[in-house]
Amino acid sequence: MYNKNAESMPQGQIRDIQLEGLKKTVQRVYSNSPYYKEKFDAVNIHPDDIKSLDDLQKLPFTEKSDLRDTYPYGMLSAPLSEITRLQASSGTTGKQTIDCYTKADIDAWAEIAARSLGCAEVDSESIVQVCYGYGLFTGGLGIHYGAERIGAMVMPMSSGNTERQLQMMADMGTTHIACTPSYASYLGEQISQNKELQKRIKLRNGILGAEPWSQELRENIESTLGITALDIYGLTEIMGPGVAMECSHKNGLHIWEDHFIVEIVDPDTLEAKADTQEGELVITTINKEGMPLIRYRTRDISKIYRTECACGRTHARIERVKARTDDMLIIKGVNVYPSRIESALLTIDGVKPHFEIIISRKGFLDDLEIKVELADDMKIDKISAIDAIEKQISRKLESAIGISSRIRLCEPGSITRFEGKSKRVTDLRKDN
Ligand code: DLL
């Protein structure tokens with residue numbers, strides 16, 4: 001463990017820290033952020049009303065739309081002169097969201113990132129190749145600071161230039177790779193095609209996240225890269241990568257509860273759900289200064305485990321985020337998550353983990369087409385054979401997702417590979 005005292009402290013101690021942090025944070029946002037003062041006043045809540053952790057329930061939620069409405073600096077709880085860093089999300093679903101950090105926030109982020117990398121056994125002997133993008137995206141700098149904090153050797157590669165990534169990985173003896181699961185699967189594909197390179201790779205563990213990925217993709221990455229692939233979670237608004245991280249037991253991601261309070265709510269009614277029930281993950285920051293957030297609705301679907309973990313870390317674990325509430329597609333009236341399509345495809349022999357989902361409308365009916373890439377060793381020379389495989393994949397997918405689809409087999413290598421977060425869905429219905 002990077003910080004054994006903090007990571008294995010008794011739950012009682014964690015709760016004490018949480019209550020103190022919650023009181024401090026509520027006071028801070030009330031005194032410094034006109035947005036929060038107005039919101040608390042509207043429901044008649046004063047910082048003095050927070051006497052126990054249960055009082056969290058009295059506080060209003062914060063949503064992504066609040067961040068957008070107050071863009072750029074309306075959510076700050078510290079003067080701009082105290083802000084030392086700005087990061088931003090990619091903004092693919094509308095206006096970008098930003099986070100502003102004070103010096104102490106950057107320090108806290110490095111601490112949780114270091115703990116998270118420690119879960120993947122990064123230590124001072126490790127060589128960490130960071131292929132998340134550096135810049136406004138939190139992936140690169142977040143992992144970088146965590147690895148440096150541990151004293152590992154960091155290679156700030158950023159994303160892209162796969163040939164150079166592989167060359168450096170082999171030449172420098174990279175032990176840990178940090179990138180999105182989609183990029184890891186692409187790197188794995190490249191390495192499996194090059195036996196010489198394969199022999200020179202010394203990778204041990206992957207620190208993979210920033211997008212949902214299936215257990216089947218994990219197995220694919222582990223076998224092609226020869227690593228243990230572990231899941232790292234985070235979001236710009238809350239801090240960046242390292243909010244939660246899986247340990248080698250792979251039974252949920254430890255969320256650093258001395259920095260964050262987690263809840264699960266029903267995304268429709270906003271009522272609290274039992275921890276072990278699936279619902280929307282809501283996070284309150286209790287140690288941030290620049291832009292603390294109260295009951296932030298992440299839109300990520302998960303659940304919480306509070307049982308003991310064999311690694312000795314005492315912090316609760318969240319289940320791997322398989323989807324976001326806003327990722328869900330409604331096709332032919334059925335709810336479909338793209339990650340479900342990924343897991344189903346990966347159980348079918350002869351296809352690769354690269355696919356594209358295209359939804360359109362024919363008249364009044366939805367049409368689902370899935371482009372699937374054939375594995376390199378699948379030699380098909382007859383049209384009838386293609387037809388048979390497409391039908392077979394379509395049948396298997398239908399039993400997994402509950403609706404029929406048209407499968408279009410594509411040449412190996414023809415579907416786009418992603419260096420960062422993947423984008424596999426094109427919904428043409430929105431243009432109608
Ligand atoms: O993706 C931060 C990050 C960087 C996490 C590198 C892990 C590694 P954003 O761009 O703000 O921040 O996107 C945050 O990405 O709300 C989730 O929907 C999704 N996400 C992040 N990590 C995971 C994960 C970074 N491990 C949004 N599993 C979040 C599933 C994830 N989804």
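One-based numbering, in listed order, for ligands and for the atoms of each. Quantities reported herein were computed from a predicted structural model and do not represent experimental measurements.
At a 4.0 Å heavy-atom cut-off, ligand 1 touches Thr138 through the side chain alone. The part of Lys421 lying near ligand 1 is the side chain, judged by heavy-atom distances below 4.0 Å.
For NZ of Lys103, the number of neighbouring non-hydrogen atoms (other residues, nucleotides, ligands) closer than 6.0 Å is 12 at most. No more than 12 heavy-atom neighbours from other residues, nucleotides or ligands sit within 6.0 angstrom of CD on Glu20.
Annotation: Ile232 places an N or O atom under 3.5 Å from an N or O atom of ligand 1; distance criterion only. Polar contact check, Ala210 against ligand 1: a nitrogen or oxygen pair lies under 3.5 Å apart. Residue Asp231 has at least one nitrogen or oxygen atom sitting less than 3.5 Å from a nitrogen or oxygen atom of ligand 1, judged on distance alone. Annotation: Thr298 places no N or O atom under 3.5 Å from an N or O atom of ligand 1; distance criterion only. Residue contacts with ligand 1: Tyr132 is placed with no nitrogen or oxygen under 3.5 Å of a nitrogen or oxygen of the ligand (distance criterion only). Considering backbone and side-chain N/O atoms, Arg324 comes within less than 3.5 Å of an N/O atom of ligand 1.
Judged by distance alone, the side chains of Gln96 and Ser89 never bring a donor and an acceptor atom under 3.5 Å apart. For the residue pair Glu7 / Tyr2, no side-chain donor-acceptor distance below 3.5 Å is found, with atom types taken as modelled. Judged purely by distance below 3.5 Å, without hydrogens or angles, the side chains of Thr162 and Tyr183 pair a donor atom with an acceptor atom. A donor-acceptor contact closer than 3.5 angstrom links the side chains of Ser182 and Glu211. Between the side chains of Gln18 and Asp258, no donor N or O sits under 3.5 Å from an acceptor N or O. A donor-acceptor pair shorter than 3.5 Å cannot be found between the side chains of Asp69 and Tyr35. Residues Gln27 and Ser31 have side chains that bring a donor and an acceptor to within less than 3.5 angstrom of each other.
Atom 12 (O) of ligand 1 has its nearest heavy-atom neighbour, among Thr236, Leu141, Val243, in Thr236. Between the choices Gly234, Ser89, Gly420, Ser339, the shortest heavy-atom distance to atom 5 (C) of ligand 1 belongs to Gly234. The closest heavy-atom contact to atom 18 (O) of ligand 1, among the options Thr180, Ile207, Leu281, Asp300, comes from Asp300.
Taking 4.0 Å as the cut-off, Lys322 does not count as a neighbour of ligand 1 on heavy-atom distance.
Annotation for ligand 1: atoms under 4.0 Å from non-hydrogen atoms of Gly139 are 4 (C), 6 (C). Which parts of ligand 1 touch Gly209 is read off a 4.0 Å heavy-atom cut-off, strictly below it: atoms 7 (C), 8 (C), 26 (N).
Under the 6.0 Å cut-off for aromatic ring centres, Trp109 and Tyr145 do not qualify, their centroids lying 6.0 Å or more apart.
If you check which protein heavy atom lies closest to atom 28 (N) of ligand 1, you get Glu211 O, 3.3 Å.
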